[in-house]
Amino acid sequence: QVQLVDSGGGSVQEGGSLRLSCVAFGDAYALNYIHMAWFRQAPGKEREGVAAVYFGVGSTSYADSVKGRFTITQDNAKKTVYLQMNSLKPEDTAMYYCAAKLGRTLFPLSDNQYNYWGQGTQVTVSS
């Protein structure tokens, strides 16, 4: 069983930055081999995978829409992932959710791969 607590959302102007955090709680050994990701969902749109990282080797994945602007990092000791979001655009406005699965997935940006979810944090970017 894994519990996720995500935070860090807010309101910024276009071009600004925000950093989201997600802490995972659960079996310490199992959390060494966890795949964690950030998804977002805007009103009226489908949930979209934004970025993911596999704790085991630190491999990352990004959606094309955020490459070069967002960076996902991990802190193994704190069982935390961060999403640094730079050069934010109004189209980045959404509820952002942290997700996790035990073990690695070959489809890290597909939401059906994950069975643990955070409560979500709102990101609003104004022009």
With no hydrogens and no angle check, is any side-chain donor or acceptor of Thr93 less than 3.5 Å from a backbone partner on Val125? yes
Would you sort out whether Ser65 and Glu48 count as a side chain to side chain contact (heavy atoms under 4.5 Å, CB included), showing the intermediate values? CA-CA 10 Å; Ser65 58; Glu48 173 191 21; 3.2 Å; yes
Measure across Cys98 and Val81 and return the closest heavy-atom pair with its distance rounded to 0.1 Å. SG-CG2, 4.4 Å
Least distance between heavy atoms, Phe55 atom then Asp75 atom: CE2-O, 4.3 Å
Quick one: closest heavy-atom pair of Gly58 and Gln74, and the distance? CA-OE1, 3.1 Å
Working to the nearest 0.5 Å, report the span between OG of Ser110 and CZ of Phe39. 7.0 Å
Do the side chains of Phe70 and Leu109 join up, straight or via other hydrophobic residues, at under 4.5 Å, putting them in one cluster? no
Rounded to the nearest 0.5 angstrom, the CE-OG1 distance for Met95 and Thr124 is 8.5 Å
What is the distance from atom CD of Glu46 to atom CD of Gln41, rounded to the nearest 0.5 Å? 8.5 Å
Other residues, nucleotides, ligands: >12 heavy atoms within 6.0 Å of Gln122 CD: yes
Separation between CG of Asp92 and CD of Glu14, rounded to the nearest 0.5 Å: 9.5 Å
Do Val12 and Met85 have side chains that approach each other closer than 4.5 Å (heavy atoms only, starting at C-beta)? no
Is Tyr54 linked to Leu102 within one hydrophobic cluster, defined over Ile, Leu, Val, Met, Phe, Trp and Tyr using a side-chain heavy-atom separation of less than 4.5 Å? no
Stepwise side chain to side chain contact (heavy atoms under 4.5 Å, CB included) test for Met36 and Val2: CA-CA 11 Å; Met36 294 186 70; Val2 177; over 6 Å; no
Under 3.5 Å, is there a donor-acceptor pair between the side chain of Tyr114 and the main chain of Pro108? yes
Can you check whether Gly68's main-chain N or O pairs, donor with acceptor, with Tyr62's side chain at less than 3.5 Å? no
Asn115 side, atom CG; Gln1 side, atom CD - distance, nearest 0.5 Å: 9.0 Å
May I ask you to decide if Gly120's main-chain N or O and Asp6's side chain share a donor-acceptor pair within less than 3.5 Å? yes
Classify the ring geometry between Tyr97 and Trp117 as parallel (under 30°), tilted (30 to 60°) or perpendicular (over 60°). perpendicular
For Lys67, is there an ion pair with Asp64 - N to carboxylate O distance below 4.0 angstrom? yes
Contacts satisfying disulfide bond (SG atoms under 2.5 Å apart) that involve residues 26-64 (not counting sequence neighbours) are none
Let me check something: do Tyr82 and Tyr116 share a hydrophobic cluster, defined by ILVMFWY side-chain heavy atoms less than 4.5 Å apart, either directly or through other members? no
Acceptor/donor pairs from residues 15-35 side chains to any protein atom, 3.5 angstrom cut, sequence neighbours excluded:
{"residue": "Ser17", "atom": "OG", "partner": "Asn86", "partner atom": "OD1", "Å": "2.9"}
{"residue": "Asp27", "atom": "OD2", "partner": "Tyr29", "partner atom": "N", "Å": "3.1"}
{"residue": "Asp27", "atom": "OD2", "partner": "Ala30", "partner atom": "N", "Å": "2.8"}
{"residue": "Asn32", "atom": "OD1", "partner": "Lys79", "partner atom": "NZ", "Å": "2.5"}
{"residue": "His35", "atom": "ND1", "partner": "Thr105", "partner atom": "N", "Å": "3.2"}

